[in-house]
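Along the sequence shown, residues carry numbers from 1.
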Amino acid sequence: MADSSKKMQIVFASAECAPFVKTGGLGDVAGSLPAALVRAGAEVIVMVPKYATIKDEYKAQMEHFSDFYVSLGWRNEYCGLEKLEHDGVTYMFIDNERYFARDYPYGFFDDGERFAFFSKAITESLQHLPAGFECDILHCNDWQTALAPVFLREFYQGLSLYDRVKTVFSIHNVAFQGQFSDTVMEDILGVAHIPAAASQLRCDACSINYMLGALRYADAITTVSPTYANEIQTPEFGEGLDGVLRERSYALQGILNGIDVAGFDPATDKRIAANYTVEDRSGKAVCKAKLQEELGLEVRDDRPLMVMVTRLTRQKGMDLVMYALDRILSGGVQVAVLGTGDRDYEDGLRYFQDKYPGTMAARIEFDPALSQRMYAAADMFLMPSKFEPCGLSQIIAMRYGTLPIVRETGGLKDTVQPYNEFTGEGTGFSFSNFNGDEMGDAVFRAARLFWDNRDAWNQLVTQAMSQDFSWTRSADKYLDLYFFMHPEIERPAAVVEPAAEKPAAVEEPKAEEKPVEAEPVKADLEAKVEATPEPKPEPEVKPAAKKTATRKTTAKKATATKAAATKTAAAKTTTTRKHTTAAAKKAAEAEAAPEVKTEAAVEAKPAAKAPAKTAAKKATTTAKKSTVAKSTKTKAATTKAAAKPVAKVEETPAESKAEVAVEAKPAAKTTTRKRTTTTAKKTTTKAAAPKAEAKVEDKPAVKAKPAPKTAEVKAAPKAEAKPEPAKETPVSPAAPAEEKAPSKKTSVRKATATRKRR
């Protein structure tokens, strides 16, 4: 039974965490995800090494919480816990100056030992947490914490405090795995005497792999995007770990990263030249002009400005950039690149800057403030990565209204929806293969839209800026996983609320589309009509209006205000009135049923014939008893009932036809025929005939789809509805009533004669 009083308690371990220490995307995740989890109702402690590079202002806020010794191979190492509360999250800094009092977090000869210690200190610290905090989930990130699940299982399993702990391991980049000589297995890890651990950590004859250990020992594995989760199970992207990832695919899932939407907000960002919002983007033009001036580019708003903020490496697609840059710059697109990396790429960018002054700018440096100004000023952001686990740059670019041009890989594919010129959907542009020409084509697709269709471009920018990439959404996915692993803990209701709102929003449009479309598929028309009289489906109006353009003209010519009311009331009696001439007045009773039946026979379902016959018999017997006064009452009542369609008839016949076809069908079939014989004599007018005729003929057109499936009717209303009316086209739309009547009357009389013989 779920425990409603207990909160989910999570220890989140990471080698870096913004704002204390950050070298890449991992720092952003560790700095934002725990805070989102706390807002969602969980209790979180973040564990980070206490590096010497952490600013003194943060060190001054730390309070010494606990200290103990950690056994690492043959040695015992001091471990202190320094506690700091920051933005509602509790941070515990692992203090050991021998390992962490250095100028940079990584890149030392003893990194294998340093982060083995960090992993062991994490597991040991679970016994020294604040009172009342019992770890439910130990969430480890990347190779620096990968040994924690291994140590937990091999050295702490069986202790009551650790029995409830479930481990989650997140891969932020599978290329960095933590591979070291197997000599560390005994000297540092102390697991050489444990055959299971030794075999599962070993990646070849003389090496061990920290990440491999986590993939085999962790209870659940996550990575930073759904597409990347699939890619790393292939040899191309798996970096040698694809085999074990396929074996454990049942425990692997991808959850997209988010960004700090408050920190990256063009409306409040003080680092950019002018603020702007989705509704008013005038400030973005100011930012563009200022950046062009700052970088020595031509200050022109009619030229698209494309930027890159990246490491200059092959993984980031710099090979493609070098290949296509000549074509892009000579084609009129301004380019600005910020970053450092491989010397060849740095020199190449300087060459193009010299070749295209005023069009190309290269800043071979690391400048966070400039990067922010570039996100805000640019029109396009280029990110043609060979692989990209998630990527934050394209998300930040969209937040600032800069359209990303990306290769469809990893998180780039999951976050950027390519522009569709036919529907207008999308949030950027993309290409699929790691190919310079394809990348160049994508750049010019974007540039042409910028030049040729600024309205579509602006709509695309609006869609990009409106995307939700907050950590709240990502935290909700992680909580799904945590609560799945601990079903005994009750999930707070507040976390579930967003999901509960979705169905309501989805149901409304469906309700509007169903009434007319779904009707022909059901045999029980009357029950369907009663259930859906009110909705006025706009999607249906358009196809109907196209089909009955000629009928619309005829109806308008013949319709006056009173006639419009008669038209709705007489929707089903039309065929009878149409053929009621001086010679056929007495035969009107007999003709009423057969004619409707004749029309139905052509287009309606077989199932609908039986009710039509019964209704016809009732109409004939009841009609004899009816008086003119009574029929007038019925007429008035029917007119009132159909008042809504009538109002629409004169302006949009398509709507009224759809309404009448839905609303008048069940009642009108009986009541109309009741008053046919008596009313027809008085109300037969040539004006009413074509109007009603248009309605009656339209009704079978709506009904005409009994045989096809509902999906077919919805998908192609025009194509399916047109063939049916085609049979009646000579009768109703363009020709006057006098010309149509003879051909129709003949068919009706034949039908009547046949009925009489029966």
Side-chain angles (χ1 to χ4, degrees), residues 17-25 27-33 35-36 39 55 57-58 86-88 256-295 297 299 301 304-310 334 336-339 361 363 365-383 390-406 411 415-416 427-428 457-458 460-474:
C17 175
F20 311 108
V21 57
K22 173 189 165 183
T23 63
D28 291 315
V29 174
S32 302
L33 177 56
R39 289 194 297 272
K55 290 180 180 178
E57 62 179 280
Y58 294 123
H86 181 73
D87 289 344
L256 269 174
N257 282 343
I259 59 170
D260 178 5
V261 290
F264 294 105
D265 186 354
T268 59
D269 195 340
K270 295 178 181 177
R271 299 165 290 183
I272 62 179
N275 294 122
Y276 55 93
T277 62
V278 187
E279 295 78 19
D280 178 11
R281 296 198 286 269
S282 55
K284 188 168 177 65
V286 176
C287 291
K288 180 177 179 179
K290 292 279 188 185
L291 184 73
Q292 286 173 325
E293 187 178 346
E294 178 184 350
L295 298 180
L297 301 172
V299 181
D301 61 358
L305 171 60
M306 181 174 73
V307 302
M308 292 183 74
V309 177
T310 182
Q334 291 183 333
V337 182
L338 171 66
R363 292 292 179 269
E365 58 184 313
F366 176 71
D367 187 340
L370 176 58
S371 72
Q372 206 63 27
R373 296 196 294 275
M374 291 172 73
Y375 282 125
D379 299 300
M380 305 180 295
F381 187 91
L382 181 61
M383 200 167 177
C390 177
L392 298 178
S393 296
Q394 81 281 8
I395 299 176
I396 297 169
M398 284 189 277
R399 178 77 170 147
Y400 282 84
T402 299
L403 298 183
I405 301 170
V406 302
T415 52
V416 179
T427 57
W457 176 273
N458 289 333
L460 209 56
V461 172
T462 300
Q463 289 162 194
M465 293 183 75
S466 303
Q467 297 298 300
D468 176 19
F469 288 116
S470 67
W471 274 107
T472 304
R473 183 194 57 173
S474 302

Please step through side-chain contact (heavy atoms from CB on, under 4.5 Å) for the pair Met306 and Ile405, ending with a clear verdict. CA-CA 9 Å; Met306 181 174 73; Ile405 301 170; 4.1 Å; yes
Would Gln334 and Asp379 count as a side-chain contact (heavy atoms from CB on, under 4.5 Å) if you check the C-alpha gap in whole Å, the side-chain angles of each, and the deciding distance to 0.1 Å? CA-CA 10 Å; Gln334 291 183 333; Asp379 299 300; over 6 Å; no
Pair Gln394-Thr415, side-chain hydrogen bond (donor to acceptor under 3.5 Å, both in side chains): steps then yes or no: CA-CA 8 Å; Gln394 81 281 8; Thr415 52; 3.0 Å; yes
Could you give me the CA-CA distance, side-chain angles and deciding distance for Val309 and Phe381, then say whether side-chain contact (heavy atoms from CB on, under 4.5 Å) is met? CA-CA 8 Å; Val309 177; Phe381 187 91; 4.1 Å; yes
I would like to know whether Tyr375 and Ile272 meet side-chain contact (heavy atoms from CB on, under 4.5 Å); could you show each step before the answer? CA-CA 9 Å; Tyr375 282 125; Ile272 62 179; over 6 Å; no
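Counting only heavy atoms from C-beta outward, the side chains of Trp471 and Val261 never approach each other to under 4.5 Å. Using a 4.5 Å heavy-atom cutoff, the side chains of Leu305 and Met380 are not in contact. In this structure the side chain of Val337 never reaches within 4.5 angstrom of the side chain of Val307, judged on heavy atoms. With a 4.5 Å cut-off on side-chain heavy atoms, Tyr276 and Val286 do not count as touching.
A salt bridge links Asp28 with Lys22: at least one charged nitrogen is closer than 4.0 Å to a carboxylate oxygen.
Atom CE of residue Met374 and atom CZ of residue Arg363 lie 8.5 Å apart, to the nearest 0.5 angstrom. Put simply, CD1 on Ile396 and CZ on Arg399 are 11.0 Å apart, with the number rounded to the nearest 0.5 Å. Cys287 SG to Glu294 CD: the interatomic distance, rounded to the nearest 0.5 Å, is 11.0 Å. Rounded to the nearest 0.5 angstrom, Met398 CE and Ser466 OG are separated by 11.5 Å. Considering CG of Leu33 and CG of Asp260, their distance stands at 12.5 Å, rounded to 0.5 Å. Remark: Leu370 CG to Arg271 CZ distance equals 12.0 Å, nearest 0.5 Å.
Arg281 approaches Met465 most closely through the heavy-atom pair CD-SD, 3.7 Å. Of all heavy-atom pairs between Asp265 and Tyr400, the closest is N-OH, 3.4 Å. Between Lys288 and Pro304, the closest heavy-atom pair is NZ-CA, 4.3 Å. The two residues Pro404 and Thr427 come nearest to each other via the heavy atoms CD-O, 3.4 Å. Closest heavy-atom contact between Val299 and Ala289: CG1-CB, 4.0 Å. Here the closest heavy-atom approach between residue Leu256 and residue Ser474 is recorded as O-OG, 2.6 Å.
A distance-only check finds a donor-acceptor pair linking the side chain of Lys284 to the backbone of Ala376 [under 3.5 Å]. With hydrogens and angles disregarded, a donor-acceptor distance shorter than 3.5 Å links the side chain of Asn275 to the backbone of Pro266. No donor-acceptor pair closer than 3.5 Å links the side chain of Thr277 to the backbone N or O of Ala267.
Taking the six-membered ring where the residue is Trp, Tyr58 and Phe20 present perpendicular rings, their angle passing 60° and hence far from 30°.
The local environment of CD in Gln467 is crowded, with over 12 non-hydrogen atoms from other residues, nucleotides or ligands closer than 6.0 Å.
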